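If you read the sequence from its start, that first residue is 1, and numbering goes on from there. On a predicted model such as this, the values are computed, not experimentally measured, just so you know.
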Amino acid sequence: MAGVFALLDCNNFYVSCERLFNPRLEGRPVVVLSNNDGCIIARSNEAKALGIKMGEPFFQCRQLIATHRVEVFSSNYPLYADLSQRVMDILAQLEPEVEVYSIDEAFIRLPAASPAALRENGRQLRAKIRRQVGIPVAIGFGPTKTLAKVANRVAKKQPEQGGVFVLPEAGRERDHHLAALAVEDVWGIGYRSAAKLAARGIRTALALSKADEDWLRKRLTVTGLRTALELRGVSCLPLEQSPAPNKSIITSRSFGRPVTELSGLREALATYVSVAAAKMREQHLHAGCLQVFLTTNRFRPGEPQYANSLTVALAQPTASTPALISRATEALRRIYRSGFAYQKVGVVLLDLADAGFVQPSLFQPLRPGQEKLMAAMDRINQRWGRDTLHSAATGFRKSWKNRQTSKSPAYTTSWHELPVVS
């Protein structure tokens with residue numbers, strides 16, 4: 001193969017973060033709860049063995065938890081975000097092509113190598129992260145991102161693999177692992193698609209890989225077809241072009257030129273928050289927490305270097321762009337330091353929950369007018385272009401944007417005739 005993908009996944013990440021500072025939790029059942037201690041969002045292997053389900057309301061399994069003396073923790077997103085950043089920093093130092101997929105996952109693009117060399121690479125990376133950060137990870141290698149996901153699953157579920165597994169390019173062994181994977185557990189296949197596939201008798205990843213292309217394109221659209229092609233070993237999802245994750249939404253770009261002033265960083269951050277919030281609303285989600293980060297260009301060692309991040313919990317989960325911009329810019333102001341040439345700023349929306357199941361706060365009443373405003377803005381931007389209607393906080397000149405000297409004009413829109421939401 002011309003290249004290979006690796007997926008690094010932190011094992012039971014939130015639980016591992018809690019265990020890192022509390023060694024007595026090793027070997028004990030542990031769960032972590034969402035904001036307001038509502039639902040189970042992370043489980044140790046011991047808790048999974050007890051039958052505790054992901055997303056289960058805490059009150060429904062309180063008796064089971066008490067009977068088996070399960071350790072219970074409220075979510076600590078500042079801690080989790082900091083440890084995640086440390087893991088991702090190690091990846092950035094060691095690998096040239098990394099896509100941070102979620103708070104606990106990252107894809108890596110590597111040149112082709114023998115299975116033995118890939119396995120050794122994975123073991124060394126895994127050992128370095130465990131030694132320097134203390135978080136256990138599993139690493140799976142495959143010719144496509146979807147097959148790397150399959151390999152990572154094998155690495156986690158089969159202890160004899162030592163946390164690292166290289167999926168063969170083709171042959172009986174690969175078919176064996178695909179046949180053992182239920183189609184609903186394939187990355188990119190939702191429950192509706194799984195039901196359509198099951199109705200046609202397609203119940204495993206192997207069967208999906210061999211399904212008729214015309215039928216897949218018609219019933220599962222091009223997304224389902226790409227998944228099937230990926231399972232065959234045909235790479236269709238390059239780095240940074242995969243679907244948005246459910247655990248977190250990250251938006252960040254390197255600047256076209258270094259930015260030194262807080263005002264420029266604030267405009268860029270507001271733009272990225274707007275993009276992330278729109279993505280979140282597309283999935284009918286609300287964020288209960290956000291992280292802001294900024295960094296200088298580490299590839300210019302002769303210049304002063306600085307990087308920092310700050311995670312803040314939201315009093316009320318929200319998908320409102322103005323509310324998220326307000327909290328994000330407040331966080332940026334706290335971590336900003338003058339005298340540095342910044343290369344990147346970004347935002348991570350965390351603790352994502354279905355908008356229909358958000359628990360209102362007694363002290364932060366819901367504002368239905370905001371939801372209608374955001375819905376209207378999304379419809380306009382979907383029709384006329386993403387920046388047609390935007391918050392005034394995102395600015396107008398945007399000198400910090402990526403270089404796009406060859407970009408064609410927006411021939412089909414008249415953005416300058418439309419209002420700006422303040």
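Judged by distance alone, with hydrogens and angles left aside, the side-chain atoms of Glu184 form no donor-acceptor pair with the main-chain N or O of Ala194 at under 3.5 Å. No donor-acceptor pair closer than 3.5 Å links the side chain of Thr221 to the backbone N or O of Arg217. A side-chain donor-acceptor contact under 3.5 Å links Arg174 to the backbone of Arg232. Remark: the backbone N or O of Val345 is paired with a side-chain donor or acceptor of Ser252 at under 3.5 angstrom. Of the possible polar contacts, one joining the Thr144 side chain to the Leu147 backbone as a donor-acceptor pair under 3.5 Å is found. A donor-acceptor contact shorter than 3.5 Å is absent between the side chain of Thr227 and the backbone of Gly188. Looking at Thr296, its side chain does come within 3.5 Å of a backbone N or O of Tyr306 through a donor-acceptor pair. A donor-acceptor pair under 3.5 Å links the side-chain atoms of Gln305 to the main chain of Glu303, judged by distance alone. Looking only at distances, a side-chain donor or acceptor of Thr329 sits under 3.5 Å from a matching main-chain atom of Ile325. Panel note: side chain Arg43, backbone Ile52; a donor-acceptor pair is recorded below 3.5 Å.
Going from atom CD1 of Ile335 over to atom CG of Leu294 covers 4.5 Å, rounded to the nearest 0.5 Å. The distance from atom CD1 of Ile103 to atom CG of Leu349, rounded to the nearest 0.5 Å, is 11.5 Å. To the nearest 0.5 Å, atoms CD (Gln343) and OG1 (Thr295) are separated by 8.5 Å. Expressed to the nearest 0.5 Å, how far CG of Leu290 lies from CE of Met280 amounts to 9.5 Å. Note that the CG atom of Leu83 and the CE atom of Met88 stand 11.0 Å from one another [nearest 0.5 Å].
Glu105 and Ser102 share a side-chain donor-acceptor pair at under 3.5 Å. Inspection of the Tyr272 and Glu267 side chains reveals no N or O donor paired with an N or O acceptor under 3.5 Å. Under 3.5 Å, the side chains of Lys48 and Asn12 contain a donor-acceptor pair of N or O atoms. A side-chain donor from one of Ser74 and Asp37 sits under 3.5 Å from a side-chain acceptor of the other. Looking only at atom types and distance, the side chain of Asp89 has a donor-acceptor partner in the side chain of Gln85 under 3.5 Å away. Thr318 and Gln316 are not linked by any side-chain donor-acceptor pair at a separation below 3.5 angstrom, with hydrogens and angles left out of the test.
Taking the charged nitrogens against the carboxylate oxygens, Arg266 and Glu261 have no contact shorter than 4.0 Å, which rules out a salt bridge. Looking at Arg109 and Glu99, no side-chain N of the basic residue comes within less than 4.0 Å of a carboxylate O on the acidic one, giving no salt bridge. Note on Arg153 versus Asp9: no salt bridge recorded, every NZ/NE/NH1/NH2 to OD/OE distance being 4.0 Å or above.
The local environment of CZ in Arg131 is crowded, with over 12 non-hydrogen atoms from other residues, nucleotides or ligands closer than 6.0 Å. Applying the 6.0 Å contact sphere to CZ of Arg337 captures more than 12 heavy atoms from other residues, nucleotides or ligands.
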### Task
Kindly determine whether Ile108 and Val4 satisfy side chain to side chain contact (heavy atoms under 4.5 Å, CB included), including the steps that lead there.
CA-CA 8 Å; Ile108 308 167; Val4 66; over 6 Å; no

### Val275/Lys279 under side chain to side chain contact (heavy atoms under 4.5 Å, CB included): CA gap, chis, key distance, verdict
CA-CA 6 Å; Val275 173; Lys279 291 180 180 179; 3.8 Å; yes

### Query
When you look at Val31 and Val70, which way does the side chain to side chain contact (heavy atoms under 4.5 Å, CB included) test go after all the steps?
CA-CA 7 Å; Val31 298; Val70 177; 4.0 Å; yes

### Message
Test side chain to side chain contact (heavy atoms under 4.5 Å, CB included) on Arg130 and Val137; report intermediate values, then the result.
### Response
CA-CA 8 Å; Arg130 189 61 185 264; Val137 303; over 6 Å; no

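Using a 4.5 Å cut-off on side-chain heavy atoms (C-beta onward), Ile249 and Leu350 make no contact. For the pair Glu71 and Glu18, the minimum side-chain heavy-atom distance is 4.5 Å or more. Asn11 places none of its side-chain heavy atoms less than 4.5 Å from the side chain of Asp104. For the pair Leu208/Ile189, a side-chain contact is recorded, criterion being any heavy-atom separation below 4.5 Å from C-beta on.
Nearest approach of Cys236 to Glu230, heavy atoms of both residues: N-OE2, 2.6 Å. Contact detail for Val15 and Ser44: the closest heavy-atom pair is CG2-N, 3.7 Å. Scanning all heavy atoms of the two residues, the minimum distance from Arg298 to Ala92 falls at NH2-O, 2.9 Å. Taking every heavy atom of both residues into account, Leu178 and Leu231 meet most closely at CD1-O, 3.8 Å. Taking all atoms of both residues into account, the shortest heavy-atom contact from Pro143 to Leu167 is CD-O, 4.4 Å. In this structure, Leu91 and Ala106 approach most closely via the heavy-atom pair CD1-CB, 3.6 Å.
Between Phe340 and Tyr342, the two ring planes are tilted [angle within 30° to 60°].
Ring-centre distance between Trp187 and Phe107: below the 6.0 Å cut-off.
Screening residues 313-327 for salt bridge (Lys or Arg N to Asp or Glu O under 4.0 Å) gives Arg327-Glu330 as the qualifying pairs, with residues at least two apart or on separate chains.
Tested against Val348, the residues Ser309, Cys289, Ser248 include a single side chain to side chain contact (heavy atoms under 4.5 Å, CB included) partner, Ser248.
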